[in-house]
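The structure appears right after this line, and notes come after that.
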Amino acid sequence: MTVDATDTGFDLRGRVALITGAGSAGGIGFATAELLGRLGAKVMVASTTDRIGERVTELSGMGVDARGFAGDLVDPEVARNLVDETLSAFGRLDVLVNNAGMTSVSDPESPATVESITDEQWTTALDRNLRTALNLMRPVLGIMKEAGFGRVINVASTSGAVSAYPGDAAYHAAKAGMLGLTRAAAIEVADQGVTVNAVAPGWIETPSSTAGEITKGMATPVGRPGKPAEVAASIASLALPASSYTTGQLLIVDGGNAIAEERQAPAESPGAETPQAPA
């Protein structure tokens, strides 16, 4: 017997997805747009620059029905225009992937700790990594509730939500806030056919990754940094119609890094006691 994927909920044909932060050809946003498109969705991709046109051309070459939008989503009016253009182009909006953000607000050579961070650095991090998601969720949730169906996936991070590293307090706060926003929204719309979840990437290799970040990825239990396509796979799983009973959750995509209890320690000094496993 042949099973139609549309009957099982593992198909996005007839659906429309909006993915932000998709300007980089090697980033999570574009990998997500490609996968959702291959699953049958029509996609609207957005970034802050006109390079989004190049991504639309690439998606179209793959057979994906795609449109592009360039604008700064920190501005609520620009975010509203993006939603309006999506509806104008496709007539509906079923999946929202909030991937827009920045990897770090501070210069690696000049860490922005809790004590040293400036007001400008703090505001910039929250605007880029949290406010952009809110600006889109406000109009989109109403559209989804009216349709009786919707999937919102917020791209958070292991940083802030489950772990931290020194020197980037604002980024950690913003990404932890993304999880709080996700759960608040999930509860508000849970009985109306709309789910809201978050995905938390760990060390993922993209064109903007530093050598230090790649090295940290090599130290994960899997033994390498993750790939944007692997994060996209987790996002896609939450975007499917079949994922109707999962909401308000954080899906961690980090090669087991957050759960690794044993870490590589410096060589022991003579006479040092061997540490014991926790009881």
Side-chain angles (χ1 to χ4, degrees), residues 5-22 28-29 31-46 73 79 82-83 86-87 90-101 129-158 160-162 174-201 230-254:
T6 58
D7 293 334
T8 65
F10 287 84
D11 186 279
L12 289 174
R13 281 177 286 181
R15 305 290 184 179
V16 172
L18 165 56
I19 304 101
T20 67
I28 292 170
T32 299
E34 179 181 351
L35 180 53
L36 297 187
R38 291 190 184 282
L39 289 171
K42 299 176 182 179
V43 301
M44 173 68 82
V45 288
L73 300 176
L82 170 56
V83 174
T86 304
L87 294 175
F90 299 119
R92 60 188 296 161
L93 178 49
D94 304 284
V95 178
L96 169 63
V97 180
N98 279 312
N99 178 62
N129 294 293
L130 186 57
R131 185 183 296 275
T132 51
L134 174 65
N135 285 347
L136 282 169
M137 288 171 67
R138 282 188 290 197
V140 167
L141 287 176
I143 294 166
M144 291 179 171
K145 288 193 298 181
E146 185 175 351
F149 176 89
R151 300 285 182 265
V152 177
I153 302 98
N154 293 323
V155 180
S157 174
T158 52
V162 297
K175 288 301 187 179
M178 182 76 93
L179 177 57
L181 176 62
T182 296
R183 289 181 168 159
I187 292 299
E188 293 172 3
V189 299
D191 62 346
Q192 298 178 72
V194 182
T195 66
V196 187
N197 290 288
V199 169
E230 292 172 316
V231 182
S234 293
I235 294 171
S237 71
L238 295 170
L240 294 169
S243 296
S244 53
Y245 205 62
T246 301
T247 196
Q249 302 306 306
L250 179 68
L251 178 54
I252 298 173
V253 188
D254 74 341

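All values below come from the heavy atoms of this structure, side chains included, with hydrogens, waters and symmetry mates left out. These numbers come from a predicted model, not from an experiment.
Contact between Leu238 and Arg151 at its shortest, heavy atoms only, is O-CD, 3.3 Å. Taking both residues in full, the closest heavy atoms of Ala161 and Leu179 are given as CB-CD2, 4.2 Å, listed atom of the first, atom of the second, then distance. In terms of heavy-atom proximity, Val45 sits nearest to Ala22 at CB-CB, 3.9 Å. Shortest non-hydrogen contact noted between Gly150 and Met144 is CA-SD, 3.5 Å. In this structure, Ala174 and Asn129 approach most closely via the heavy-atom pair CB-CB, 3.6 Å. The two atoms that bring Ala33 and Val43 nearest to each other are O-CG1, 4.0 Å, heavy atoms only.
Asn154 places no side-chain N or O within donor-acceptor distance of the main-chain N or O of Ala156, the cut-off being under 3.5 Å. No side-chain donor-acceptor contact under 3.5 Å links Asp254 to the backbone of Pro201. Between the side chain of Thr247 and the backbone N or O of Val196 there is at least one donor-acceptor pair closer than 3.5 Å. Listed for the Ser243 side chain is no donor-acceptor partner under 3.5 Å among the backbone atoms of Ala239. For the pair Glu188 (side chain) and Ala186 (backbone), a donor-acceptor distance under 3.5 Å is absent. Of the possible donor and acceptor atoms, none in the side chain of Asn99 sits under 3.5 Å from a partner among the backbone N and O of Val155.
Other residues, nucleotides and ligands contribute only 12 or fewer heavy atoms inside 6.0 Å of the CZ atom of Arg131.
Considering CD1 of Ile235 and CD1 of Ile28, their distance stands at 6.5 Å, rounded to 0.5 Å. The OG1 atom of Thr20 lies 6.0 Å from the CG atom of Leu73; values are rounded to the nearest 0.5 Å. In this structure, Met44 CE and Thr86 OG1 are separated by 4.0 Å, a value rounded to the nearest 0.5 Å. Going from atom CZ of Arg138 over to atom CG of Leu136 covers 10.0 Å, rounded to the nearest 0.5 Å. Atom CG of Asn98 is separated from atom CD1 of Ile153 by 9.0 Å, given to the nearest 0.5 angstrom. Taken to the nearest 0.5 Å, the CG atom of Asn197 stands 8.5 Å off from the CG atom of Leu251.
Looking at Val152 and Met137, their side chains come closer than 4.5 Å, going by heavy atoms from C-beta outward. Inter-residue side-chain proximity for Val162 and Leu250 is flagged as met; some heavy-atom pair is nearer than 4.5 Å. The shortest side-chain heavy-atom distance between Leu93 and Leu87 falls under the 4.5 Å cut-off. Side chains of Leu36 and Thr32 form a contact here, defined as non-hydrogen atoms less than 4.5 Å apart. With a 4.5 Å cut-off on side-chain heavy atoms, Pro241 and Asp11 do not count as touching.
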